[in-house]
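What you are looking at is a predicted structure, and each value in this text was computed from that prediction instead of being measured.
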Amino acid sequence: MRRLRNRLAGALLSVLALSLTATGCAGSSGAASGAGDPTSSPAGASVANRVEPLAGRPEPRLPVTVPSADGERVTVRAAERIVPLSGSLSEIVFTLGLGDRVVARDVTATFEQAAKLPVVTRGHDVSAESVLSLKPDLVLAETTSGPEEAVDQIRAAGVPVLFVQAAKGLDDVGPRIGAVADALGVPAAGKELTRRSEQRIEAVRADVPHGREPRVAFLYLRGSASVYLIGGKDSGAGSLIEAAGAVDAGAASGLDKDFTAITSEALVKAAPDAILVMSKGLESVGGVDGLVKIPGVAQTPAGMDRRIVSVEDGVLLNYGPRTDQVLKSVVAQLYGEDGAK
């Protein structure tokens, strides 16, 4: 059952990871946009390319036995050599203050502190041999990590593998931090980081302009792979869009799936006032100039106004310690620094 779930849930992540590799993702500090476009990311709206660890360095108290999201119970006896299989999980470990114990990264871990670590996985393409060659004592995985054969090979070698439920929205920030912190034997640091992260998110939400409710469509673009999708109810972007005081245009237009191939009809029905994209995806179609050439985009209010919101690929849907920065970037680009849009 997990094999089927992983294949379905990981299909989109595979396209993302391959595209990040092809485009040489290096965690740019600013959102991509069309050259000279007036709706490009406002000053100060980008997400910092560094994580901010908690003050002090927690000391893991191990061993611990914790529940894994795949239904198993995992005993962690040491956490000196940690391999997180996603950028989001890497971000949590580093922000907890244990980044010096991380020995490898996923291609989506693009923040500065992790940039020099060897890449052992690309989303849904885990290399068991590469992971095991680093002699890890703990592997952290998403429920979408795979292939299952690779994970089974790592476990068969005696390495504990903890699965963390894949992020779907803002409500997952705290539980994911807690799951990782508990597994690392630093539950108090997990509570502190959860509290800090949630307070920062709420502070951004408090400054969102009220009464506007622009319609925002999340488009997943990979021009090099001819992938052009519009997000629906389960795209993962809905709670972020809603937290920014906007309406998820795809979901509101009746798109019940996570993603649907872009058509002129779907875009016209969604009628977005703004379009949310990942920055590398926007670059892959030629920036804003290329985006408005995709059939149907130019006929939407967003396309006519060239109102595009872009956030770095490696952080947009992480729902982790930097989510407040992501939300702040979306709000600043959506409404303008002075809320005038």
*asked:* Gln299: which residues meet the side-chain hydrogen bond (donor to acceptor under 3.5 Å, both in side chains) condition with it, sequence neighbours left out?
replied: none
*asked:* When you measure from the side chain of Thr108 to the backbone of Ser86, do you find a donor-acceptor pair of N or O atoms at a distance under 3.5 Å?
replied: no
*Do Asp273 and Arg212 pass the salt bridge (Lys or Arg N to Asp or Glu O under 4.0 Å) test, and can you show the C-alpha distance, the side-chain angles, and the key distance before you say yes or no?*
CA-CA 11 Å; Asp273 300 303; Arg212 308 288 184 84; over 6 Å; no
*With sequence neighbours excluded, what pairs up with Arg61 under the side-chain contact (heavy atoms from CB on, under 4.5 Å) test?*
none
_Member of Leu162, Leu138, Ile82 meeting the side-chain contact (heavy atoms from CB on, under 4.5 Å) criterion with Val76_ = Leu138
*Looking at Gly296 and Ser264, what are the two nearest heavy atoms and their distance?*
N-OG, 3.5 Å
*Residue that, paired with Phe218, satisfies side-chain contact (heavy atoms from CB on, under 4.5 Å) out of Leu317, Leu229, Ile275*: Leu317
*asked:* Using a 3.5 Å distance criterion without hydrogens, assess whether the side chain of Arg81 forms a donor-acceptor pair with backbone atoms of Leu134.
replied: yes
*Could you tell me whether a side-chain N or O of Tyr319 sits under 3.5 Å from a main-chain N or O of Gly236, the two making a donor and an acceptor?*
yes
*Exercise: identify the closest heavy-atom pair between Ala79 and Leu184*: CB-CD2, 4.0 Å
*Taking every non-hydrogen atom, the tightest pair across Asp137 and Ala78*: OD1-O, 3.4 Å
*With no hydrogens and no angle check, is any side-chain donor or acceptor of Ser329 less than 3.5 Å from a backbone partner on Gln325?*
no
*Should Ile201 and Leu316 be regarded as members of a common hydrophobic cluster, given that ILVMFWY residues are connected when their side-chain heavy atoms come within less than 4.5 Å of each other, either directly or indirectly?*
yes
Which atom pairs, donor and acceptor, lie under 3.5 Å between side-chain atoms of residues 169-178 and protein residues at least two apart or in another chain?
{"residue": "Asp172", "atom": "OD2", "partner": "Lys168", "partner atom": "N", "Å": "2.6"}
{"residue": "Asp172", "atom": "OD2", "partner": "Gly169", "partner atom": "N", "Å": "3.0"}
{"residue": "Arg176", "atom": "NH1", "partner": "Glu142", "partner atom": "OE1", "Å": "2.9"}
{"residue": "Arg176", "atom": "NH1", "partner": "Gln165", "partner atom": "O", "Å": "2.7"}
{"residue": "Arg176", "atom": "NH2", "partner": "Ser88", "partner atom": "OG", "Å": "2.7"}
{"residue": "Arg176", "atom": "NH2", "partner": "Glu142", "partner atom": "OE2", "Å": "3.0"}

*Determine, for Glu59 against Arg101, whether the closest basic-nitrogen to carboxylate-oxygen distance falls under 4.0 angstrom.*
yes
*State plainly whether one hydrophobic cluster holds both Ile262 and Val285, where clusters connect Ile, Leu, Val, Met, Phe, Trp and Tyr through side-chain heavy atoms under 4.5 angstrom apart.*
yes
_If you define the side chain from C-beta out and look only at heavy atoms, does anything of Pro58 sit under 4.5 Å from Leu98?_
yes
*What closest approach, in Å, do Val292 and Val297 show between heavy atoms, and which atom pair accounts for it?*
CA-CG1, 3.8 Å
*Please step through side chain to side chain contact (heavy atoms under 4.5 Å, CB included) for the pair Glu52 and Arg322, ending with a clear verdict.*
CA-CA 8 Å; Glu52 181 189 345; Arg322 287 189 291 171; over 6 Å; no
*Under 3.5 Å, side chain of Thr121 to main-chain N/O of Asp106, donor-acceptor pair present?*
no
*I would like to know whether Val139 and Val126 meet side chain to side chain contact (heavy atoms under 4.5 Å, CB included); could you show each step before the answer?*
CA-CA 11 Å; Val139 170; Val126 177; over 6 Å; no
*Check the side chains of Thr95 and Glu91 for a donor-acceptor pair under 3.5 angstrom, ignoring hydrogens and angles.*
no
*List the atom of Thr75, the atom of Thr65, and the distance in Å for their closest heavy-atom pair.*
OG1-OG1, 2.9 Å
*Shared hydrophobic cluster for Phe259 and Val309 (ILVMFWY, side-chain gaps under 4.5 Å)*: yes
*May I have the step-by-step check of side chain to side chain contact (heavy atoms under 4.5 Å, CB included) for Arg196 and Arg200, ending in yes or no?*
CA-CA 6 Å; Arg196 188 185 84 175; Arg200 290 180 175 183; 3.6 Å; yes
*Could you tell me which non-hydrogen atom of Thr300 sits nearest to which non-hydrogen atom of Gly303, and how far apart they are?*
OG1-N, 2.9 Å
*Side chain Arg222, main chain Ser284, donor-acceptor under 3.5 Å*: no
*Would you check if Pro295 and Tyr228 make a side-chain contact, meaning some heavy-atom pair closer than 4.5 Å?*
no
*Decide whether Asp313 and Ser279 meet the rule of one side-chain donor and one side-chain acceptor closer than 3.5 Å.*
yes
_Using side chain to side chain contact (heavy atoms under 4.5 Å, CB included), reason through Glu202 and Asp324 one step at a time and then give a plain yes or no._
CA-CA 8 Å; Glu202 288 308 310; Asp324 64 298; over 6 Å; no
*Carboxylate-amine/guanidinium proximity below 4.0 Å for Glu192 and Arg195*: no
*asked:* Donor-acceptor check, side chain of Tyr335 to backbone of Ala244, threshold 3.5 angstrom: yes or no?
replied: yes
